Amino acid sequence: RDLHSFPTRRSSDLSGVFAVGFAEGMMAQMVEDAINRSLGHVQIHARGFTDDKNIVQSIPDATRTIAAVRATPGLVGVSGRAIITSMISPPTTSRGGQITAIIPEDERRITSIATDIVEGNYFDTTTRNAIVIGKRLAKKLDVKLRSKVVISFAAPDGNIVYLACRIAGLFTTEAAPFDDMMIYMRRSDVAEAIGSDIVHEIAMRTT
């Protein structure tokens, strides 16, 4: 009886090891995907910003902070981002979204969005107020590449800003909720609209 039961126990043990290993592998891949998609390895925010992402909670003297961060050994890239809750509206409907306003050449060193483009381009255009959004969001808005939309948000002074934007690129990642809400813009376009180059998040990628 013991000889017959031994293979059964051994098979059960191996199945358990495989299941645990598979789960750990999936978790590690999810973490890596999140890092590559948007997080980077390290982030800096103003105190309290991550609680409610209020547009007025920007990083004081962000230019000097970013310069100091760039001087840190062991970094592949640094990206200063403005993070703004917004509405995006084509002619027939509207949805909430999150503007991530970036300097495209800096963001390329942090995240994979530039390589996730499936239609159009990643800010390879001089068009003012160009945006890059998820293909899932475009489908829900019933818009396509080069469609015009209006993006609105509350500026730091409380006034509502309306920007006429054109879709320059569509991306697809492995994370559907991310693709449903993210709106990438140039930080310079947001700065021109509100009269201030604000930064809410400094993302870093390390070696």
Side-chain angles (χ1 to χ4, degrees), residues 30 33-34 36-39 49-58 79-108 110-201 203:
M30 289 172 64
D33 288 343
N36 291 332
R37 183 174 60 247
S38 61
L39 294 181
F49 174 75
T50 55
D51 295 333
D52 54 14
K53 293 188 175 180
N54 192 315
I55 193 171
V56 302
Q57 293 171 306
S58 57
S79 179
R81 306 162 172 167
I83 308 295
I84 304 171
T85 300
S86 66
M87 294 293 293
I88 179 169
S89 306
T92 58
T93 186
S94 64
R95 288 181 64 90
Q98 176 183 292
I99 297 171
T100 299
I102 57 170
I103 298 175
E105 54 268 31
D106 290 346
E107 189 69 18
R108 283 178 185 271
I110 308 296
T111 62
S112 60
I113 298 300
T115 60
D116 292 330
I117 298 294
V118 292
E119 292 184 45
N121 62 74
Y122 184 73
F123 299 105
D124 299 330
T125 174
T126 58
T127 302
R128 182 182 176 188
N129 294 341
I131 63 172
V132 172
I133 66 174
K135 191 168 184 177
R136 284 176 56 94
L137 177 56
K139 184 175 181 180
K140 291 184 177 184
L141 292 171
D142 194 23
V143 295
K144 55 186 179 180
L145 193 65
R146 291 183 288 276
S147 291
K148 290 183 178 180
V149 297
V150 173
I151 292 178
S152 57
F153 59 90
D157 62 6
N159 290 321
I160 303 299
V161 175
Y162 296 90
L163 296 178
C165 302
R166 189 178 294 275
I167 299 172
L170 302 174
F171 63 81
T172 297
T173 74
E174 74 293 331
F178 181 88
D179 293 7
D180 280 344
M181 67 173 294
M182 295 301 295
I183 304 164
Y184 285 92
M185 296 186 66
R186 291 190 187 92
R187 215 172 79 203
S188 56
D189 287 334
V190 172
E192 184 177 349
I194 66 175
S196 176
D197 186 17
I198 56 175
V199 173
H200 300 101
E201 183 172 273

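Small disclaimer: the values here were computed from a predicted structure and weren't measured.
- Other residues, nucleotides and ligands place more than 12 heavy atoms under 6.0 Å from the CG atom of N121.
- Sorted by first then second residue, the salt bridge (charged side-chain N to carboxylate O under 4.0 Å, His left out) pairs that include residues 116-126, not counting sequence neighbours, are R108-D124, E119-K135.
- Across all non-hydrogen atoms, the minimal contact from K148 to P91 is O-CD, 4.4 Å.
- Closest non-hydrogen pair, A130 versus T125, comes out as CB-CG2, 4.1 Å.
- Partners of D106 by side-chain contact (heavy atoms from CB on, under 4.5 Å), not counting sequence neighbours, listed by chain and number: R70, S79, I103.
- Every residue was checked against the side-chain contact (heavy atoms from CB on, under 4.5 Å) condition with D51, not counting sequence neighbours, and none meets it.
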Quick one, N129 with E192, criterion side chain to side chain contact (heavy atoms under 4.5 Å, CB included). Give me CA distance, side-chain angles, the key distance, then yes/no. CA-CA 10 Å; N129 294 341; E192 184 177 349; over 6 Å; no
Verify salt bridge (Lys or Arg N to Asp or Glu O under 4.0 Å) between D189 and R128, making sure each step is shown before the conclusion. CA-CA 7 Å; D189 287 334; R128 182 182 176 188; 5.2 Å; no
Criterion side chain to side chain contact (heavy atoms under 4.5 Å, CB included) on V190 and V161, from CA distance to verdict: CA-CA 10 Å; V190 172; V161 175; over 6 Å; no
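- Residues passing the ring-ring contact (aromatic ring centres under 6.0 Å, His included) test with Y122: none are found, sequence neighbours excluded.
- Side-chain N/O atoms of D157 and N159 include a donor and acceptor closer than 3.5 Å.
- Considering only heavy atoms from C-beta on, K144 stays 4.5 Å or farther from I167 through its side chain.
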Between V199 and S58, does the side chain to side chain contact (heavy atoms under 4.5 Å, CB included) criterion hold? Intermediate values first, please. CA-CA 5 Å; V199 173; S58 57; 5.9 Å; no
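- Panel note: side chain R166, backbone R146; a donor-acceptor pair is recorded below 3.5 Å.
- H200 contributes a side-chain N or O that, together with a main-chain N or O of I55, makes up a donor-acceptor pair within less than 3.5 Å.
- The two residues I194 and I198 make their nearest non-hydrogen contact at CD1-CD1, 3.8 Å.
- For T100, the side-chain contact (heavy atoms from CB on, under 4.5 Å) partners at least two apart in sequence or on another chain are R81, I83, Q98, I102, M182, Y184.
- Interatomic distance, CZ of F123 versus CD1 of I113, reported as 10.5 Å (0.5 Å rounding).
- How far CD1 of I88 is from CE of M181: 12.0 Å, rounded to the nearest 0.5 Å.
- The shortest non-hydrogen separation linking A203 to I110 is O-CD1, 3.7 Å.
- What you find for I131 and C165 is that their closest heavy atoms are CG2-CB, 3.8 Å.
- The backbone N or O of T173 lies less than 3.5 Å from a partner atom in the side chain of D179, making a donor-acceptor pair.
- Between I183 atom CD1 and I99 atom CD1 the span is 5.5 Å, to the nearest 0.5 Å.
- For the residue pair T111 and S38, the shortest heavy atom distance occurs at CG2-CA, 3.6 Å.
- For residues 82-93, no pair satisfies side-chain hydrogen bond (donor to acceptor under 3.5 Å, both in side chains), with sequence neighbours left out.
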Does L170 form a side chain to side chain contact (heavy atoms under 4.5 Å, CB included) with I133? I'd like the steps, not just the answer. CA-CA 5 Å; L170 302 174; I133 66 174; 3.7 Å; yes
